[in-house]
Colleague: 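This is the structure I want to talk about, given as structure tokens.
Each chain gets a letter, A, B and so on, in the order its sequence line appears, and its residues count up from 1.
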2 protein chains.
Amino acid sequence: MNPHALRRRTILGSTTTLEHPFDIATALTPEGQGRFVGHTAPEYSNMVGPFGGITAATMLRAVLDDPRCSGSPLSLTVNYAGPVATGAFTIDAEPVRTNRTTQHWVVTMRQDDSVATTATVVCALRRPTWSDTEISPPDAPAPDALEVAELPQSPAWLRNYDMRFVAGRGPFVGDGAPSPTSTSTLWVRDAPARALDYPAIAAMSDVFFPRVMLRLGRMVPAGTVSLTVYFHAEIDPRADPGRFVLATARAQHFGNGFFDQSAHLWTDQGAALATSHQLVYFKD
Amino acid sequence: MNPHALRRRTILGSTTTLEHPFDIATALTPEGQGRFVGHTAPEYSNMVGPFGGITAATMLRAVLDDPRCSGSPLSLTVNYAGPVATGAFTIDAEPVRTNRTTQHWVVTMRQDDSVATTATVVCALRRPTWSDTEISPPDAPAPDALEVAELPQSPAWLRNYDMRFVAGRGPFVGDGAPSPTSTSTLWVRDAPARALDYPAIAAMSDVFFPRVMLRLGRMVPAGTVSLTVYFHAEIDPRADPGRFVLATARAQHFGNGFFDQSAHLWTDQGAALATSHQLVYFKD
């Protein structure tokens with residue numbers, strides 16, 4: 001039996017519950033205060049190990065599932081310390097400091113006593129203040145006016161997203177020519193539809209194919225080393241499932257085996273949802 | 001006796017050694033494997049507690065001072081969990097995973113068993129690859145063509161920098177008018193001159209006054225919650241002291257008591273030194 005299916009039954013109590021693959025992949029079983037056990041999900045596997053976005057979402061979920069969690073996510077940094085092997089993992093989540101407005105967490109994922117991933121999370125109580133957005137959403141036709149990207153069968157995680165490219169398809173989506181810039185812009189949503197929450201936003205911050213592949217016009221080994229997401233919106237979990245997110249990303253500098261990526265996520269109403277950055281290892 | 005002066009003698013062995021204030025402020029005394037003791041420096045104090053940049057540099061220094069450190073800094077995230085009180089602090093630095101190319105650290109600063117600051121650091125062995133920089137340095141006259149900014153006496157940390165503004169002086173530097181954008185561009189270097197190293201770059205990533213003050217044209221309470229720095233260059237510690245760094249920063253989104261800032265640091269030769277992001281708490 002697939003150990004993932006086994007876990008699914010254990011967690012949900014019944015396989016008749018039709019849960020979204022994203023919720024199954026990020027589901028955690030508490031094992032005492034601040035400790036959670038999870039399991040990699042084949043539906044979200046990447047070239048090697050799990051999709052970095054699902055790992056980020058799972059680290060964040062450990063904090064959200066902890067009864068000590070206060071406020072909503074403000075900032076998340078995930079460091080991909082080593083490969084995550086197929087199978088079970090343990091996550092320890094520690095609220096190292098709780099203030100009136102912010103709460104700071106240190107989160108560690110281990111497999112067989114080896115640290116696979118570390119993260120820090122800041123949660124906060126938001127309150128109304130003066131607000132302004134200095135950046136602008138990229139120009140994009142409505143998602144309905146764009147074709148659904150034909151994504152390759154592998155890596156598997158792609159099948160969990162409906163992507164509609166405005167620019168910067170890259171070699172994953174059939175554009176094998178080197179590009180003078182690394183910018184990609186796309187509409188993206190979970191497939192099947194799912195209401196947007198903080199773990200989903202964390203995962204969507206990592207849906208951009210490695211920018212180096214756009215520039216070189218070919219597939220090269222690459223993997224995220226560190227990912228940071230700043231959450232700018234208070235998320236309403238009752239929002240309609242299936243709303244698209246407008247996502248855009250570009251690299252700033254490539255060199256010495258690493259590049260950085262800066263990304264912006266917008267609601268379909270043009271509101272700033274998250275800004276994100278990552279540092280990525282690559283071979284050329 | 002000033003406890004800082006006392007520490008200075010203890011660490012340096014003799015007060016006749018003329019060490020740079022930055023090195024004194026970030027100096028750490030090892031206390032067993034992975035543990036360091038430091039002391040806040042009045043020269044780098046901010047409105048409340050130490051300048052966030054000196055705390056970031058000190059967290060990074062714990063990793064660099066550890067004999068287990070492999071490679072040079074690639075990524076640093078510092079979370080300002082709570083106020084750092086004047087006095088001694090303990091830093092625990094743990095290399096949670098060492099790979100062939102990267103090494104992952106978790107770093108914690110405590111005072112009286114309370115966590116004041118957490119950080120994660122990734123070090124890496126850099127190797128030559130294809131390289132390109134997609135962003136450009138901002139237009140700026142040579143630093144010699146610009147006046148040295150007249151900075152206020154308080155906060156104290158400002159006196160350790162030679163700043164020459166190209167744009168976006170803000171209320172700290174005498175421009176009390178609200179600004180339609182939050183961009184600041186300046187040449188900056190340590191004062192007195194000091195050769196650039198990774199801790200100095202980490203600190204310079206935080207020299208930008210809170211962007212909300214530029215926009216509102218007045219001083220408001222504000223403090224960094226989380227700071228990330230990606231180091232793009234292999235730093236030559238033998239480089240001439242006194243070289244300027246061209247630094248530019250802007251906010252992307254303000255709202256609900258927080259804003260984010262994106263910054264770029266360049267060498268005086270136009271090479272990408274670091275990209276940085278931070279999330280900042282504010283009251284309006």
Colleague: Among B/P128, B/A116, B/A251, single out the residue with the greatest number of heavy-atom pairs under 4.5 Å to chain A.
Modeller: B/A251
Colleague: Between B/S114 and A/R97, what is the shortest heavy-atom contact and its length?
Modeller: OG-NH1, 2.8 Å
Colleague: Could you tell me whether A/D236 atom CG has more than 12 heavy atoms of other residues or ligands within 6.0 Å of it?
Modeller: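 Yes - once you tally the heavy atoms of other residues, nucleotides and ligands closer than 6.0 Å, there are more than 12.
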Colleague: Are there residues of residues 69-78 of chain A that reach to under 4.5 Å of chain B by heavy atoms, and which ones?
Modeller: A/L74, A/S75, A/T77
Colleague: Check for a donor-acceptor pair, side chain of A/D132 on one end and backbone N or O of B/F254 on the other, with a separation under 3.5 Å.
Modeller: no
Colleague: Chain A heavy atoms under 4.5 Å from B/F282: which part of the residue, side chain, backbone, both or neither?
Modeller: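 It is both, since atoms from each part get that close.
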Colleague: Heavy-atom distance under 4.5 Å to chain B: side chain of A/P95, backbone, both or neither?
Modeller: neither
Colleague: May I ask you to decide if the ring planes of B/H277 and A/H277 are parallel, tilted or perpendicular, using 30° and 60° as cut-offs?
Modeller: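 The rings of B/H277 and A/H277 lie parallel, inter-plane angle below 30°.
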Colleague: Which residues from residues 118-126 of chain A are near chain B, with near meaning under 4.5 Å between non-hydrogen atoms?
Modeller: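 Under the 4.5 Å heavy-atom cut-off, A/T118, A/T120, A/V122, A/A124, A/L125, A/R126 qualify.
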Colleague: Keeping the roles fixed (side chain from B/R127, backbone from A/N256), state whether a donor-acceptor pair exists under 3.5 Å.
Modeller: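 Absent.
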Colleague: Looking at A/F259, is its backbone amide N or carbonyl O close enough to the side chain of B/Y230 to form a donor-acceptor pair, meaning the two atoms are under 3.5 Å apart?
Modeller: no
Colleague: Donor-acceptor pair, distance only, cut-off 3.5 Å: does the side chain of A/S131 make one with the backbone of B/G255?
Modeller: no
Colleague: Mind checking which of residues 98-109 of chain A sit less than 4.5 Å from chain B, heavy atom to heavy atom?
Modeller: A/N99, A/T101, A/T102, A/H104, A/V106
Colleague: Considering only heavy atoms and a distance below 4.5 Å, find which of B/V96, B/T228, B/L279, B/T133 pairs most often with chain A.
Modeller: B/L279
Colleague: Any side-chain heavy-atom pair from B/D260 and A/H232 closer than 4.5 angstrom?
Modeller: yes
Colleague: Report, in residue-number order, which members of residues 198-219 of chain A are under 4.5 Å from chain B by heavy-atom distance.
Modeller: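 Checking residues 198-219 of chain A against chain B gives A/V212, A/R215, A/L216.
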Colleague: Strictly by modelled atom types, are B/T181 and A/E134 linked by a side-chain donor-acceptor pair under 3.5 Å?
Modeller: no
Colleague: Do the non-hydrogen side-chain atoms of A/H253 and B/T275 ever get within less than 4.5 Å of each other?
Modeller: no
